[in-house]
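Encoded as structure tokens, the structure appears first; notes follow it.
No hydrogens, no waters, no symmetry mates; every other heavy atom, side chains included, goes into these values. Numbering of ligands and ligand atoms starts at 1, following listing order.
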Amino acid sequence: MNFPGQHIISIDQFDRDAVTRVFDVADQMIPYARRQRITRVLEGAILGNMFFEPSTRTRVSFGSAFNLLGGQVRETVGMDSSSLSKGESLHDTAKVLSGYSDIIVMRHPQAGSVAEFAAASRVPVLNGGDGANEHPTQALLDLYTIRSELAGKGRELAGLRIAMVGDLKHGRTVHSLCRLLQLYKNVKLTLIAPDALQMPERLLENAREAGLSVHTTSAMDEGLREVDIVYQTRLQEERFADPEEARRYRGAFRINQSLYNRLCHPDTVLLHPLPRDSRADANELDNDLNDNPNLAIFRQADNGVLVRMALFALVLDIEKDINKHARDLHWYTPQR
Ligand code: NCD
């Protein structure tokens, strides 16, 4: 994969070498993300951060990543505050916004919308999530996290055993992660969901064809045993045609410390793309797990900055110049 100038729309654009490249550059970003050094390599550059759907982590981590490289961020949040609500097409919006930015990140509720936008854009576009379809940068940061959590236990990605739990039908993060895992050898994937919320058939077929061992079940008792990673997801209530139907599944797949003690190996790492729904009737990852050292959700969220810095550096072709534009910093920084 040739990064400079590329749109990043789908995780299928990545081969093993490209993923390794992103992870290597992400590792180089650690001193900058941890505020040990600062770099101004993207001084003068503008990121158009266009979020036409709710977002906290993805939006702010993309923005922070760009700021940490010395660039500036212009942001649009929500349909209502943009001209899309006046009937403007994605084509026209892309033509206009790409005149104002050096690179664009976009999130939009419709599957395929970011690709359509990118086709009309004059600058690279990164997909921040297009409906239930894909979330490629999340998959990269998830795998980066899996790799580093396993490394902490003296393990590698090969032979990974991972269980994905919850709304696998509508969750774009698990769609992209499932595709990304196909690049690795001997991955054992357990998909825990009620039949109606199971991973789309097409993705299951692709995973099996790629040589993954795929097992589907609706039983937590069966699926959570003997895995290295549990990847919990949120019920994507906003993607159900009938909100009543969504409510039926609320809280059906909650994990708490006593379930973890009963079913999981004590080394099992817990991930979640976040936000976790902590309302009492959902509570998908209980607060009583907060002191569990294998709850890696906030390390995972932190890694989003590293991976997104790496993608900006590679797409804007400045990764070799970062250190040239760097210096030590002197304000108070907490231990991270
Ligand atoms: C996810 C998303 O937006 O798809 N969040 C994120 O980007 N970290 C998951 C979700 O909203 O449930």
Side-chain angles (χ1 to χ4, degrees), residues 8-11 26 49-66 75-79 105-115 125-146 162 164-180 191-193 197-200 203 229-240 243 246-247 249-255 270-279 281-285 295-309 311:
I8 309 271
I9 306 296
S10 167
I11 202 66
N49 216 18
M50 306 294 147
F51 278 74
F52 301 115
E53 223 190 17
S55 175
T56 304
R57 265 147 298 273
T58 307
R59 179 171 56 83
V60 178
S61 67
F62 264 121
S64 294
F66 208 74
E75 203 154 82
T76 288
V77 178
M79 260 340 158
V105 175
M106 184 182 167
R107 168 174 286 190
H108 191 282
Q110 244 170 284
S113 52
V114 181
V125 176
L126 311 192
N127 184 355
D130 61 323
N133 185 34
E134 277 229 45
H135 196 344
T137 67
Q138 179 74 39
L140 289 166
L141 80 88
D142 290 340
L143 191 66
Y144 181 85
T145 306
I146 292 170
I162 177 169
M164 297 181 185
V165 187
D167 184 356
L168 309 182
K169 177 180 178 190
H170 302 104
R172 56 192 169 200
T173 71
V174 281
H175 296 168
S176 290
L177 185 57
C178 178
R179 293 155 102 140
L180 181 56
L191 301 167
I192 310 174
L197 299 185
Q198 200 34 279
M199 185 72 80
L203 291 178
I229 305 283
V230 171
Y231 189 102
Q232 176 66 291
T233 62
R234 181 179 64 86
L235 187 64
Q236 308 281 293
E237 296 192 23
E238 68 276 28
R239 306 210 192 284
F240 282 72
R247 269 194 281 279
Y249 298 110
R250 263 213 188 171
F253 289 88
R254 60 179 62 169
I255 299 177
L270 295 171
L271 299 182
H272 190 307
L274 302 181
R276 59 175 158 169
D277 188 340
S278 294
R279 287 171 287 193
D281 59 345
N283 206 10
E284 50 209 20
L285 271 184
L295 183 78
I297 54 177
F298 300 117
R299 296 193 284 277
Q300 182 183 8
D302 281 354
N303 287 338
V305 172
L306 299 176
V307 166
R308 289 169 176 142
M309 286 177 83
L311 289 168

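- Residue, atom and distance of the protein heavy atom nearest to atom 6 (C) of ligand 1 are Leu274 O, 3.5 Å.
- By the 4.0 Å N-to-carboxylate-O rule, Arg250 lies close enough to Asp281 to be salt-bridged with it.
- At a 4.0 Å heavy-atom cut-off, ligand 1 does not touch Thr233 at all.
- His272 and Arg234 are not linked by any side-chain donor-acceptor pair at a separation below 3.5 angstrom, with hydrogens and angles left out of the test.
- Under 4.0 Å from ligand 1, the heavy atoms of Gln138 that appear belong solely to its side chain.
- Under a 4.0 Å heavy-atom criterion, Glu53 is not in contact with ligand 1.
- Ring orientation note: the planes of His108 and Phe52 are nearly perpendicular, at an angle over 60° on the 30°/60° scale.
- Proximity annotation for atom 10 (C) of ligand 1: of Arg107, Arg172, Arg234, Glu237, Arg234 comes nearest, heavy atoms only.
- Checked by atom type, the side-chain pair Asp167/Tyr249 shows no donor-acceptor distance below 3.5 Å.
- Taking a cutoff of 4.0 Å between a charged side-chain nitrogen and a carboxylate oxygen, Arg172 and Glu238 do not qualify as a salt bridge.
- Residue Pro275 places no N or O, backbone or side chain, under 3.5 Å from any N or O of ligand 1.
- Residue-ligand proximity, His135 to ligand 1, at heavy-atom distances under 4.0 Å covers atoms 2 (C), 4 (O), 6 (C), 7 (O).
- No side-chain heavy atom of Phe253 sits less than 4.5 Å from a side-chain heavy atom of Thr233.
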